[in-house]
Amino acid sequence: MRLVLDTNVLVSALAHAHGASAAVLDAWRLSRRYVLVSSELQIREVADVTRRPELRRYFPPATAGRLVNQLRHLAELHDTLPMVDRSRDPADNFLLAMVEIAKADFLVTGDKRDLLVLGQHGRTRIVTVRQMLELLERS
């Protein structure tokens, strides 16, 4: 199984170490139950977002740095992305481009307004964290 995790899922996993997002991320980090697809663009976004002062109270900088390093060294990276213009939020189009280039099975997101409403992008299903957790538990 091939997954793209929205940046909001990755940051939520850091902020809530015992939450659903963390469980989905741990299924990759600890047991490699799926292939995590990312890009240098997303890694930079994770690094930038996790440096925001308002998020610093949720996790130490070293924890965010460890995730960035894991993404960079353990995820399948795709940096030549096709042009995609499908999301109402142009900042989300790179996620749709990543699922296209990587032939991902799922895009996991908490973005109800711009991504979850699409339901699917090509062959890729767009699902919530809870839905992905249920799928992982069944497999």
Mark yes or no for whether [X], through its side chain, and [Y], through its backbone, hold a donor-acceptor pair below 3.5 Å.
X	Y	result
Gln42	Leu5	yes
Asp114	Ser87	no
Thr124	Leu107	no
Arg72	Leu67	no
Ser12	Asn8	no
Arg86	Leu96	no

Which atom pair, heavy atoms only, marks the closest approach of [X] to [Y]?
X	Y	value
Arg56	Arg51	NH2-CA, 3.5 Å
Leu14	Ala64	CD1-CA, 3.9 Å
His16	Ala22	O-CB, 3.4 Å
Gly110	Leu116	C-CD1, 4.2 Å
Ala27	Leu136	CB-CD1, 3.9 Å
Val37	Met98	O-CE, 3.9 Å

Please examine the side chains of [Y] and [X], heavy atoms only from C-beta on, and report whether any two atoms are closer than 4.5 Å.
X	Y	answer
Arg29	Asp26	yes
Leu10	Val49	no
Leu74	Arg32	yes
Phe106	Leu135	yes
Val11	Tyr58	no
Thr80	Ile101	no

In Å and rounded to the nearest 0.5 Å, what is the [atom1] to [atom2] distance from [X] to [Y]?
X	Y	atom1	atom2	value
Glu45	Ser39	CD	OG	8.5 Å
Asp79	Leu41	CG	CG	8.0 Å
Leu3	Arg125	CG	CZ	11.0 Å

Hydrophobic cluster membership, [X] vs [Y], 4.5 Å side-chain cutoff:
X	Y	value
Leu115	Leu133	no
Val84	Leu77	no
Val4	Met1	no
Phe94	Val9	no
Ile126	Val108	no

>> Please list all pairs meeting side-chain hydrogen bond (donor to acceptor under 3.5 Å, both in side chains) that have one or both residues in residues 89-100, counting only residues at least two apart or in different chains.
In response: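 The answer is Glu100-His121.
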Exercise. Only counting residues at least two apart or in another chain, list the ones meeting salt bridge (Lys or Arg N to Asp or Glu O under 4.0 Å) with Arg2.
Key: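 Checked Arg2 against salt bridge (Lys or Arg N to Asp or Glu O under 4.0 Å); matches are Glu76.
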- Residues forming a salt bridge (Lys or Arg N to Asp or Glu O under 4.0 Å) with Asp6, sequence neighbours excluded: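 Partners of Asp6 under the salt bridge (Lys or Arg N to Asp or Glu O under 4.0 Å) test: none.
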